[in-house]
Amino acid sequence: MTQKSTHFSHAISRTPSKAIVDGLRAVDVGAPDYATLMEHHADYVAALRSTGAEVTVLPAMEEFPDAVFVEDTALCLQELAIVMRPGAPSRLGEANAMKPTLDAMYSNVAQVEGPGFIEGGDILVSEREILVGLSDRTTQEGVDELAEIVAPFGYSVRVVQTPPGVLHFKTDCSLLDGNTILSTPVLDASGCFDGYTVIHTAEGEGACANSIRYNDLVLMPTGFPETKARVEAAGFNVKNIGNTEAAKVDGGLSCMSLRFSPS
Ligand code: CIR
């Protein structure tokens, strides 16, 4: 069945900038290799396009090292787009820079004005609700403002907790279909997915919890064979995409696109 939480006509990505070497990261494991990152990014965009979607690739922004991670700048629903208010000070300007692109694609664009903060990486939209994980980047006030913005459109927002030491809620989970979640066992143990079907990442493979369902594909980072086999066994069509370089600056596959079907 086609579901609005997994099937999209559009996506927005942004070409990585050379400044990615200065991207935010929790632990320094070395700088991303720019040429390899560009190859991975091209594979990623091609995979999205292979599903028939229209993918807009915005130009690199050298002034924002993390700007390739466009997911954090906005929440794109069917009826409206909402410009986020990133909790990382170096990323605040990225959200404003995304607004003109959203204005061109949506007739209704709202903006989280603050004082709270919220980043798209902390938001998982399922078929029935919007889950938002509080984190170092997303505050209760930010969630409250989002909930007020989306309530008139019939969306309910549920606040959950991103595990300690984890950057974003979706660092540890992804939606596979409207009611099925891929999650690390640690996040699932919090009980936040009660009522959903949950597939756990395999031991030592938690880094692939950030995958994305996009139309008929599940894009999963290369190098996590046991989890890939589990997701395939559940009937999903998994496409591997290299993500070693983005991962050095805590970026997963979901971070590199906004996925939506504007009405
Ligand atoms: C950051 O720390 O903001 C970036 N280096 C990584 C952002 C990853 N975005 C995401 O998980 N949605």
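Read the numbers this way: they start at 1 and go in the same order the structure lists the ligands and their atoms.
- The aromatic rings of Phe169 and Phe193 are tilted relative to each other, their planes meeting at an angle between 30° and 60°.
- The one candidate from Asp188, Leu187, Val186 that meets the side-chain contact (heavy atoms from CB on, under 4.5 Å) condition with Ser190 is Leu187.
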Could you check Glu113 against Ile149 for side chain to side chain contact (heavy atoms under 4.5 Å, CB included), going step by step and ending with a plain yes or no? CA-CA 11 Å; Glu113 305 283 0; Ile149 292 170; over 6 Å; no
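- A side-chain donor from one of Arg259 and Ser257 sits under 3.5 Å from a side-chain acceptor of the other.
- Within ligand 1, the atoms closer than 4.0 Å to a non-hydrogen atom of Val249 are 4 (C), 5 (N), 6 (C), numbered from 1 in the order shown.
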The test is salt bridge (Lys or Arg N to Asp or Glu O under 4.0 Å); show your working for Glu145 and Arg85 and say whether it passes. CA-CA 10 Å; Glu145 193 177 342; Arg85 189 159 188 263; over 6 Å; no
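- Looking at ligand 1, you'll find an N or O of Leu24 within less than 3.5 Å of one of its N or O atoms.
- The main-chain N or O of Asp72 is never found under 3.5 Å from a side-chain atom of Glu119 such that the two would form a donor-acceptor pair.
- Note on ligand 1: His168 sits in its first shell, one or more heavy atoms being nearer than 4.0 Å.
- Nearest-heavy-atom check against atom 2 (O) of ligand 1 across Lys170, Glu71, Arg137, Arg91 picks out Arg137.
- Proximity of Asp72 to ligand 1, defined as any heavy-atom pair under 4.0 Å, is confined to the side chain (atoms from C-beta onward).
- Closest to atom 10 (C) of ligand 1 among all protein heavy atoms lies Cys255 SG, 2.7 Å.
- Scanning all protein heavy atoms for the shortest distance to atom 4 (C) of ligand 1 gives Asp66 OD1, 3.2 Å.
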